[in-house]
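Letters go in sequence order (proteins before strands), and every chain restarts at 1.
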Amino acid sequence: MTSLLLFDTLTRQKQDLGPPGQAPVRFYSCGPTVYNRVHVGNLRAFLFYDVLKRALLWLGYPVRHVMNLTDVDDKTIKGSRAESVSLRAFTERYTELFLKDMDALGALRPDVMPRATDYVPQMVDLVQRLLDKGVAYRSDDGSVYFKIGAFPGYGRLSHLEARTLQAGAGGRVAQDEYEKEDVQDFALWKAWSEEDGDVAWDTALGKGRPGWHLECSALAFEHLGESLDIHAGGVDLVFPHHENEIAQSEAASGKTFSRLWVHNEHLLVGGQKMAKRLKNFFTLGDLVQLAGATPREVRYALISAHYRSQLNLQVTYEGEGEARRPVRFDSLEVARGALRRLDQFRKDLQAKATGEAPAGGAERLARAKDEYREAVRDDLNVPRALGVLFELVTDVNKLGAWDAAYAREVQAFLDDADRVLGVLTPEPEALAPDEQALFERWKAAREAKDWAAADEARAALQAKGIQVQARKGSEPTWARG
RNA sequence: GGCGGCAUAGCCAAGUGGUAAGGCAACGGAUUGCAAAUCCGUCAUCCCCCGGUUCAAAUCCGGGUGCCGCCUCCA
């Protein structure tokens with residue numbers, strides 16, 4: 001079986017995507033609001049999208065992936081005004097930082113990354129369609145709201161009966177809420193107000209800006225059509241964002257908006273929700289600086305738990321209150337150790353290819369391939385998939401030695417498996433000429449049993465952060481770190 | 001108050017009816033000129049607690065305890 005099973009939030013069951021066909025899987029994922037550096041919790045979500053997309057491609061599905069960039073909302077407007085720069089300049093800055101992080105983490109770029117503000121006409125058209133159908137209305141101030149009472153299926157995704165929603169339970173009802181006919185109605189179009197400054201579009205709907213929920217529907221329609229195959233996001237978006245997307249999209253098109261809805265759970269840091277107050281709020285840059293982690297280690301840590309489970313990034317702190325600070329990022333050390341084992345195995349594949357074709361080796365590899373595929377196929381069970389790889393590592397190591405052909409086959413499997421995980425391939429590294437010379441000198445000195453010279457060369461390499469290894473039955477190797 | 005999720009070894013984390021994957025750490029061994037690294041092995045009679053269903057439950061049901069999330073713009 002090659003078809004992917006995904007847990008669908010709407011039906012609360014694993015659904016079979018069906019076998020790969022000619023038509024691309026229409027995949028939409030909710031992107032960042034570009035008003036700030038994204039934090040590791042955000043990054044977990046984006047890496048989930050990445051692994052999902054990689055799994056689809058690996059299983060043979062053509063994919064068209066669209067991820068939006070929210071570049072107009074309260075936060076971006078507030079941020080740009082505070083700095084007296086244009087909204088575009090402000091959001092462009094954080095867009096670039098976001099892309100830099102994603103590239104560093106090895107995430108494949110989406111096929112299209114539309115900015116909301118580039119699609120105002122399409123959003124206005126969509127609002128117009130909803131007004132024409134009578135499922136939206138204008139308030140006195142010129143804003144347009146979606147009338148959720150006119151959409152019978154409202155609440156199906158989040159499994160909240162519309163009438164049990166407790167108005168204002170979050171204590172965040174805005175002052176202008178009296179403009180709405182029903183507290184649960186949401187804004188499709190927001191009439192310009194003083195706080196918006198010069199952020200406004202003059203449109204057939206009047207002067208104002210689009211509501212947040214609207215952009216995803218409009219962008220999806222524009223780039224993927226009115227029906228999607230997979231729509232992804234974080235669990236916090238189930239309600240109200242995705243509920244509202246469904247309402248406005250389906251009310252407008254009369255079609256099912258998305259076949260499957262997938263949501264990733266949140267990241268916890270030190271067992272708690274991230275919050276600046278708790279000093280457990282980190283960006284990729286923070287982890288690289290504070291923990292000395294490589295982006296690759298961060299990627300491993302963020303994808304190594306199942307996407308539907310809360311992932312606890314374990315951190316050890318010292319001090320209390322204001323003095324509290326992280327002293328050890330346990331999860332990143334785990335990632336480092338695990339990757340070291342995998343990297344070492346790759347080196348050993350070459351170094352120990354001095355024997356003959358191992359008995360049972362082919363069968364063992366074939367089993368790993370089957371198990372790996374099944375783990376990926378079954379709702380992206382990355383923890384299980386990693387387990388399959390580690391089990392293979394142990395078993396192949398037990399063979400002791402093998403021939404070059406077997407080394408190549410195992411290597412090829414790891415390369416193939418990495419098309420999904422994007423984390424197995426070590427960053428390409430090479431020794432600088434002077435380092436290479438030291439390495440050669442160390443090897444030669446060992447050959448000559450000139451231990452003093454060998455120790456000297458080794459110490460020089462270690463001073464440069466290079467560890468050397470000498471083992472019987474295989475070529476000497478080196479590693480950084 | 002309403003809705004939902006989760007509780008598995010020191011830590012992280014799979015497993016959802018057939019008798020506990022994997023990683024880190026720890027400990028033992030092998031290897032090594034020494035060392036580091038590496039490799040192998042050991043490491044949960046048991047899966048938050050109490051009842052129940054079943055030939056059989058970490059896995060299903062009921063109750064309890066604890067933690068987390070959502071309830072209008074937070075991945």
Side-chain angles (χ1 to χ4, degrees), chain A residues 12 29-33 38-49 70 73-75 155 158-161 164-174 177 180 183-187 211-213 232-241 243-244 263-268 271-274 300-301 304-306 308-314 316 330-342 344-345 347-348 351-352 371 375 381-391 393-394 397-398 400 446 449-451 454-455 458 462 467-474 477-479 481:
Chain A
R12 298 197 169 193
S29 59
C30 284
T33 300
V38 294
H39 55 68
V40 286
N42 298 127
L43 291 171
R44 184 196 188 189
F46 302 132
L47 290 178
F48 158 57
Y49 306 157
T70 298
D73 79 322
D74 291 349
K75 294 189 292 285
S158 50
H159 300 88
L160 292 172
E161 284 299 318
T164 66
L165 295 175
Q166 190 174 334
R172 283 184 279 173
V173 175
E177 297 295 271
K180 300 194 243 178
V183 287
Q184 294 168 52
D185 290 348
F186 60 92
W212 174 48
H213 310 298
V235 283
D236 52 299
L237 297 181
V238 173
F239 186 90
H241 186 53
E243 201 72 73
N244 292 349
H263 294 95
N264 64 280
E265 253 300 347
H266 278 171
L267 173 77
L268 302 180
Q272 295 172 295
K273 187 180 180 179
M274 275 192 299
Y300 184 96
S304 60
H306 189 95
R308 283 193 290 114
S309 297
Q310 289 180 337
L311 185 165
N312 187 18
L313 194 72
Q314 191 59 37
T316 301
D330 307 71
S331 297
L332 296 175
E333 291 189 7
V334 168
R336 182 171 305 166
L339 288 170
R340 193 189 297 140
R341 181 163 167 80
L342 292 167
Q344 183 65 42
F345 179 65
K347 288 178 183 166
D348 287 350
K352 294 185 185 174
E371 291 174 344
N381 195 336
V382 174
R384 174 64 197 137
L386 287 169
V388 170
L389 297 181
F390 283 109
E391 287 166 15
V393 168
T394 298
N397 275 330
K398 279 194 241 182
R446 291 192 78 249
K449 298 195 190 296
D450 180 351
W451 308 125
D455 285 349
R458 183 175 66 192
Q462 281 174 338
Q467 296 293 331
V468 292
Q469 303 162 23
R471 278 173 296 162
K472 187 180 273 184
S474 68
T477 57
W478 57 272

request  = Please evaluate the base of B:rA35 for a donor-acceptor partner in the side chain of A:Arg458 within a cut-off of under 3.5 Å?
outcome  =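 Pair found.
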message = At less than 3.5 Å, do the side-chain atoms of A:Asp455 and the base atoms of B:rG33 form a donor-acceptor pair?
response =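 Answer yes: a donor N or O sits under 3.5 Å from an acceptor.
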How is [X] classified with respect to the nucleic acid when contacts are heavy atoms under 4.0 Å: base, sugar-phosphate, or nothing?
X	result
A:Asp236	base
A:His266	base
A:Ser309	sugar-phosphate
A:Thr70	nothing
A:Asn42	base
A:Glu333	nothing
A:Ala335	nothing
A:His213	nothing
A:Gly233	sugar-phosphate

Side chain of [X] only, heavy atoms from C-beta on: which candidate in [options] is closest?
X	options	value
A:Arg340	B:rG4, B:rU38, B:rA13	B:rU38
A:Asn381	B:rA75, B:rG15, B:rG69	B:rG15
A:Leu267	B:rA21, B:rA75, B:rC40	B:rA75
A:Arg341	B:rG15, B:rG33, B:rC24	B:rC24
A:Trp451	B:rG69, B:rC40, B:rG33	B:rG33
A:Leu268	B:rA75, B:rC68, B:rG15	B:rC68
A:Arg446	B:rU32, B:rA37, B:rA13	B:rU32
A:Gln344	B:rC40, B:rC39, B:rC12	B:rC39

On the nucleotide [N], are OP1 or OP2 found under 4.0 Å from the side-chain N or O atoms that [X] carries?
X	N	value
A:Lys273	B:rC74	no
A:Lys398	B:rG41	yes
A:Asn264	B:rA75	no

What is the separation between atom [atom1] on [X] and atom [atom2] on [N], rounded to the nearest whole Å?
X	N	atom1	atom2	result
A:Phe239	B:rC3	CZ	C1'	11 Å
A:Leu339	B:rU38	CG	P	13 Å
A:His263	B:rG69	NE2	P	18 Å
A:Lys449	B:rC34	NZ	P	11 Å

Side chains of A:Ser158 and A:Glu243, donor plus acceptor under 3.5 Å =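 Judged by distance alone, the side chains do pair up.
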When rounded to the nearest Å, what value does the distance between [atom1] atoms of [N] and [M] take?
N	M	atom1	result
B:rG28	B:rG52	P	45 Å
B:rA14	B:rC48	P	14 Å
B:rA57	B:rU19	C1'	9 Å
B:rA13	B:rA58	C1'	15 Å

request  = Find out whether A:Thr394 and A:Glu391 are in side-chain contact, i.e. whether some heavy atom of one side chain is under 4.5 Å from a heavy atom of the other.
outcome  =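 Not in contact.
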ask   = Under a 4.5 Å cut-off applied to non-hydrogen side-chain atoms, are A:His306 and A:Arg384 in contact?
value =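 Side chain of A:His306 against side chain of A:Arg384, heavy atoms only: no contact under 4.5 Å found.
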Nearest-0.5 Å distance, CD of residue A:Gln344 to CZ of residue A:Arg341 =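 Going from the CD atom of A:Gln344 to the CZ atom of A:Arg341 covers 10.0 Å.
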query = Has A:Phe390 got its ring stacked on the base of B:rG22, with centres under 5.5 Å and planes less than 30° apart?
reply =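 It does not: the ring fails the test against the base of B:rG22.
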Donor-acceptor pair, side chain of A:Asp330 and main chain of A:Thr316, under 3.5 angstrom =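 Side chain of A:Asp330 to backbone of A:Thr316: a pair is present.
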